[in-house]
Amino acid sequence: VSRTEESLEHWQHVFGCRAWLWVRRNPSTNDVQEVRCLGDQEDP
Amino acid sequence: MTRGARRGVRLSEHTFQFSFDGRQLSAQQGDTLASALLANGQRLLGRSFKYRRRRGLLTAGVEEPNALVTVGSGPLRVPNVPSPQLRLAAGMVIASQNRWPSLRFDLASLFQFGKSYLGAGFYYKTFMWPSWRFYEPLIRRLAGLGSAPADCHVTPPDVRHLDCDVLIAGGGPAGLAAALAAARSGARVVLCERDNACGGELEFETATIDGEPAMVWTAAALAEVQGSRGMVLTSTAVVGGTNGLVVALQQPQGLPGADTLYRIRPRTFIAAMGCVERPLAFIDNDRPGVMLINAAESYLARQGVCVGHEAVLFGNHDRLYAAARRLAAGGVRIRAVVDVRPPSLSQTSESSRAALAGAGIECLTSHAVVRALGRFEVCGVQVAPLHARAPLRTLSCDTLLISGGWSPAIHAGLSEGGTSTYLPQANGFGAGPQPSWRALCGAANGVFELGEVLADGHRAGVQAVRLLGFAADSAQAPVGQGDSAPQLFAYWRAPSKRSDEKRQFVDFQNDVTVADLRQSLEEGFTDIEHVKRYTTLGVGTDQGRIGAVLGAAILAEISGREVGKVGQFRARPPYQPVTLKTVAGLRAGALLRPVRRTPLEAWHASHGGVLEPMGLWMRARYYDTGGIDAARAGCEEATRVRAHGGIFDGSTLGKFEVAGRDAAEFLDRMYLTRASPIKEGRSKYMVNLREDGMVLDDGIALRLATDRFLVTTSTGHADHMLSHFEYYRATEWAGRAVSITDVSEAWAVIVCAGPASRPTLAAVLGEGWIEPLSRLTHMGFATGEWHGAALRLLRASFSGELAFELHCRPRIAVPLWQALTDSGLLPYGIEALDILRLEKGYLIGAELNGQTTPLDLGMDALVKGGNPCIGRELMDRVGLHRPDRPKLVGIRAVDGRSKFLAGAQLTTPDEHVHSSGYITSSAYSPFCGEWIGLALLSRQEAQEGKVLLARDPLRGTETPVRVNSPVHYDPSGERMKS
């Protein structure tokens with residue numbers, strides 16, 4: 001799933017609401033392109 | 001070494017005193033330590049790393065490799081401060097470092113007489129007999145630069161966060177041109193300049209920009225940037241960064257104590273950090289009195305200090321001549337300019353040379369300095385023609401100013417996958433392709449002529465803002481006139497005999513010579529990264545700023561390769577020495593991690609509890625009741641629990657409420673043991689697995705209601721377990737009726753263990769609790785109140801004795817605990833708990849090492865349930881059932897008295913190489929009267945009664961031990977069910 005320009009990751013909002021999230025981001029620039037709650041919708 | 005005729009542009013009349021190595025010296029406001037020491041005639045400022053050779057100032061910047069000093073004393077001491085970076089203040093106490101007993105006479109300087117034996121990698125080849133450890137203490141004492149204080153009280157920096165459209169590192173002409181271009185487009189600009197004033201070399205070059213004197217233009221440019229929402233941070237060095245975050249450190253005085261750490265998130269980043277002048281290699285090129293030309297010009301212009309009385313300039317480019325004119329005008333007598341190039345490769349005209357000659361400055365072209373003369377410091381140089389046979393000439397001088405060109409400061413372009421590439425026109429390495437949001441410009445981009453530098457900076461600024469959607473006019477680049485292009489010539493070292501290469505220094509800080517580089521190649525270390533590690537070229541605070549390009553070029557010359565093919569090793573951030581406290585900030589000492597406190601922590605501390613960290617909590621290891629040690633206290637407390645009883649603070653356990661219609665099914669999937677059969681008011685021992693089938697944690701699940709459970713986890717795994725639960729609730733059980741709430745801090749837990757626990761609890765809790773206390777069977781629980789607050793009474797034991805857990809609200813924890821101690825149940829700590837668990841064969845912690853399955857740990861009965869939980873499938877892998885898998889066993893010494901410790905490897909008596917397992921936990925058991933332990937042992941060897949050797953090479957012991965059942969105490973469990 002992960003490429004140089006795009007990485008699809010699981011993140012958890014540990015110091016906040018503790019939700020698990022899908023995060024699609026560019027690891028070269030750290031630009032976050034998309035965030036979804038895990039399980040709320042279809043997996044990206 | 002005196003103040004020149006003209007006052008330095010940064011000096012004021014105010015004078016003050018400071019101390020250097022115990023001597024009181026005077027300085028003027030605006031002096032750096034380096035300039036003040038030069039003005040006081042002090043040329044010897046440090047000792048080299050390996051040979052302890054005398055060293056003076058080489059540079060005028062943070063890249064200084066020789067003159068590192070320690071500032072302050074005691075816990076406020078800051079080591080390894082480059083002296084040109086340190087801005088002096090009245091009363092500063094400064095000491096030279098890396099010498100003993102004094103800078104002038106250093107005992108370890110005798111090492112230089114053994115130079116033949118101390119070549120590159122000598123320590124890899126020697127110190128083998130009798131053992132490295134024999135020599136290590138002495139070598140550790142001699143190695144390193146300054147020494148850090150054991151207890152550091154230096155104030156950590158303020159941390160500030162900034163964001164901007166364009167961040168520019170470097171306030172020289174390129175950075176200013178970039179900042180102007182960006183600011184004029186409307187972008188928000190932050191400009192960081194390492195020095196305490198912008199302008200860079202414009203301060204001492206006779207240059208004009210847009211028809212004005214360069215420093216007048218600089219002041220106007222800064223005013224315009226600041227007037228356009230821009231921010232200019234002087235004394236602020238960009239020291240590192242990653243993932244789009246740039247870290248800049250502002251140190252008004254050049255050392256920690258009153259500094260600010262900026263964490264900047266720019267949308268685009270322009271690195272215009274200039275370049276570092278580099279030396280040339282010739283014999284004794286490290287003598288005090290040898291200095292880079294830029295440094296001499298800087299000290300003269302900025303602080304008005306003449307670095308010597310009579311100087312020779314030596315280099316490979318045209319800037320030599322302009323520098324000679326400026327230094328001569330400033331009061332330095334220039335004896336000669338030695339240029340390695342023939343006149344045909346120089347842009348300097350014959351008439352210019354004639355003019356210099358007319359002023360008494362001899363110009364020697366196609367010549368090179370081959371040796372610096374002088375035992376303690378420079379008193380002359382030997383010069384030889386490069387292309388003709390002629391006798392060596394000796395020129396007397398007290399200062400040799402050298403320049404081998406400039407290495408672009410590209411470190412900012414190397415982070416996040418950046419590479420370097422050789423730039424032939426600059427005789428140095430530039431940064432390779434950059435991401436769109438980052439650019440290098442000016443000298444950092446290998447451009448050295450002022451007009452080109454301004455144009456390059458302007459181009460970078462325009463590109464940066466256009467990327468962000470701002471409209472920028474590319475036609476408004478400032479026009480500058482200054483020193484002409486330097487016409488660099490690829491010359492790196494003076495020809496010499498092989499035996500003299502030991503005195504041609506390439507890396508001044510680490511004493512790496514041409515001979516070391518040659519030896520490295522001869523021994524097969526040809527890759528530049530291997531050469532770095534073998535010779536220490538470019539390690540330490542230097543990170544190759546002075547010697548990287550010179551070293552690569554000399555390696556290329558020796559090996560017959562191109563410099564670009566040799567390449568440049570990767571420098572590590574930070575760019576300048578940064579204290580660990582700066583990085584750690586306030587997160588140091590007691591604040592390193594957030595502290596969690598149980599309601600009973602204060603009670604433990606005030607009643608002799610010796611606290612130790614457990615996760616983020618502090619727990620009582622034992623209770624000091626009269627100077628006894630932990631082992632003895634643990635034994636006494638454990639004995640007391642078995643004989644009578646005791647109480648333990650278990651509040652740190654992780655506690656989660658899992659509720660909802662699907663809670664039971666959820667827990668069935670999370671744990672190897674099923675939760676759904678648990679009846680209300682009952683609890684169960686639970687084990688859960690990682691996805692790969694290894695045991696993750698164990699605990700207890702209490703069924704509070706049909707749809708509500710309380711699960712406990714071990715203290716250390718609580719955070720991970722919560723995330724683990726939440727992850728599966730969000731993925732596999734998304735949309736199902738399950739909620740998970742961390743209630744760890746909502747419930748304090750007091751464990752009452754021992755035969756006296758029941759009657760004592762009955763007396764303390766009152767009549768309402770007598771019936772549950774007598775009714776509850778093992779793993780049953782009851783709920784109620786005590787002093788108006790909720791209380792849950794669980795009968796469960798981890799000590800092998802009759803025991804109850806009191807889950808109570810925090811506000812009643814202390815009175816309840818106090819009432820229990822007043823009734824004769826004294827507290828016990830972790831030491832005693834571990835002894836009790838070990839005697840009973842319960843897991844201590846080291847057994848859950850992420851590599852053991854339930855079968856390894858003897859939980860066969862739990863596995864037989866066949867619950868299809870997470871990890872169950874992979875637990876059945878063939879490899880996890882092989883006969884060499886570990887099995888949990890008990891261990892006792894064969895002689896019934898010898899001591900053995902956790903970590904010891906278990907082997908058969910005649911086996912010296914292959915381990916069959918290791919001891920995971922051990923303790924002296926007061927019940928057994930001997931040392932007992934748990935071990936993970938290969939199933940092939942795990943037969944009860946088998947004799948093995950517990951080998952502990954770290955402690956030098958070998959103990960014959962016998963394999964036992966893990967349960968050393970009350971195997972039938974009668975006592976805890978009584």
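The number of heavy atoms from other shown groups lying within 6.0 Å of CZ (R572(B)) does not exceed 12. Environment of CD in E873(B): sparse, with no more than 12 heavy atoms of neighbouring residues, nucleotides or ligands closer than 6.0 Å.
With a 4.5 Å cut-off on non-hydrogen atoms, R265(B) touches chain A through its side chain but not through its backbone.
Along residues 721-728 of chain B, the residues that come nearer than 4.5 angstrom to chain A, judged on non-hydrogen atoms, are L722(B), S723(B), E726(B), Y727(B) in order of number.
Checked against side chain to side chain contact (heavy atoms under 4.5 Å, CB included), M618(B) has the following partners two or more places apart in sequence or in another chain: E601(B), L611(B), P613(B).
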